[in-house]
Amino acid sequence: MGVDKNKFKTDKIVTIERHILEQQRFHPEATGVLTQLLYDIALAGKMIASQMSRAGLAQILGKTGDTNVQGEQVMKLDRLADETIYILNDHTGRLAVMASEEHEDVLSIPDEYPVGKYVLLFDPLDGSSNIDFNVGVGTIFAIYQRVTKEGRGTMEDCLQPGRNLVAAGYIVYGASTMFVYTTGHGVHGFTLDPSIGEFLLSHEDIRIPNIPTYYSVNQGYFTRWSPGIQKYTQHLQSMTSETKSISMRYVGSLVVDFHRTLLSGGIFYYPADISKPEGKLRLAYEAVPLAYIIEQAGGSASNGYGPILDVTPTSLHQRSALYVGNTEMVKEAEDYIRIYG
Ligand code: P6P
């Protein structure tokens, strides 16, 4: 059949720490700080996963009653995930500055703590509106080296093009909890073993399969889309109905829809439309890290006109259209936009 399958079995027990240390051989200048930073993010993921598993019992489902910078209802678990990531990283001396989807401005390192050379951008719990329905959600993160020379990091450190990324990844809280990351040398997935509280390597060197399985888009917005996206989607629908070569899946949780696309092949897209002319998804801490991951796995990510990683954000919460998955499918979407508008 020749269908590419990601290698799911490994012949040794590899924790995140061991894997990141082994990856360090690609970075002779590495001092181990990035390893420790990635490990801190994985720890945050374990803590969030633990809270998630008992959310329905611990009265931490539901809304806080607040709205965030996006104008969205802040879920209790949103707030908890945001605070967990911040307090695990604010004192380590590894970061110059942080930025979160939940906060308008950058998150400075408190004066009493040292600063370091890395910058952490994160969406603490994407898809959180789905939590109350037990639908999978995720944490997304992007790591850069600071560009400012000294002192507390600034917004300038957070508004870098994706080509500057040092590392990116996500934690998907689904049927199992997985930590997926890249430092520029392939994409690697770890599954949390709750019995020992450790992420173990389960998906080494993930490559998006050459043969696509699903397309993923919210077809409820069809009438709001440009003619090019409508025609592109009708083209995909014909592949589903006539050839049955692909099918449609849409969860409405970015990390879940992305993770399935990465492992199964296909395309996820969230187009701009007449009600969201800039698109809905955030560039800096959603589209860019996922674009880095998909390129490292042999796929592509576009805003409909060119690579996401070539775009330099001009504001922290800037939105973007996103087309991500098999390169051929992303290019085809760009072609339909170019030809039909
Ligand atoms: P829609 C969740 O609210 C989110 O930000 C992403 O996780 C997801 O991909 C998207 O919005 C879903 O949006 O408009 O299809 O409900």
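Every number for a ligand or one of its atoms is a count from 1 in the order of the listing.
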Chemist: Under 4.0 Å between a Lys/Arg side-chain N and an Asp/Glu carboxylate O for Arg163 and Glu295?
Modeler: yes
Chemist: So is Lys46 actually on top of Phe179's ring, under 6.0 Å and inside 45° of the axis?
Modeler: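 That pair does not qualify as a cation-pi contact.
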Chemist: Please check if the side chain of Ser302 supplies one atom and the backbone of Val330 the other of a donor-acceptor pair under 3.5 Å.
Modeler: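 It does not hold such a pair.
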Chemist: Count the heavy atoms belonging to other residues, nucleotides or ligands that lie under 6.0 Å from CD of Glu22, then report whether that count exceeds 12.
Modeler: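 Buried by this count: over 12 neighbours within 6.0 Å.
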Chemist: Report each N/O pair between ligand 1 and the protein that falls under 3.5 Å, naming both atoms.
Modeler:
from     : atom 1 : to     : atom 2 : distance (Å)
ligand 1 : 7 (O)  : Asp126 : OD1    : 3.4
ligand 1 : 7 (O)  : Asp126 : OD2    : 2.5
ligand 1 : 7 (O)  : Leu254 : N      : 2.8
ligand 1 : 9 (O)  : Leu254 : N      : 3.3
ligand 1 : 11 (O) : Lys280 : NZ     : 2.9
ligand 1 : 13 (O) : Lys280 : NZ     : 3.0
ligand 1 : 14 (O) : Tyr221 : OH     : 2.6
ligand 1 : 14 (O) : Tyr270 : OH     : 2.6
ligand 1 : 15 (O) : Asn218 : ND2    : 2.9
ligand 1 : 15 (O) : Tyr250 : OH     : 2.5

Chemist: Given the ring of Tyr118, does Arg146 sit roughly above its face, with NZ or CZ under 6.0 Å from the centre of the six-membered ring and within 45° of the axis?
Modeler: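 No, a cation-pi geometry is absent between Arg146 and Tyr118.
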Chemist: Measuring centre to centre across the rings, with the benzene-like ring taken for any Trp, is His203 within less than 6.0 Å of His188?
Modeler: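 Between His188 and His203, which both carry aromatic rings, the centre distance is not below 6.0 Å.
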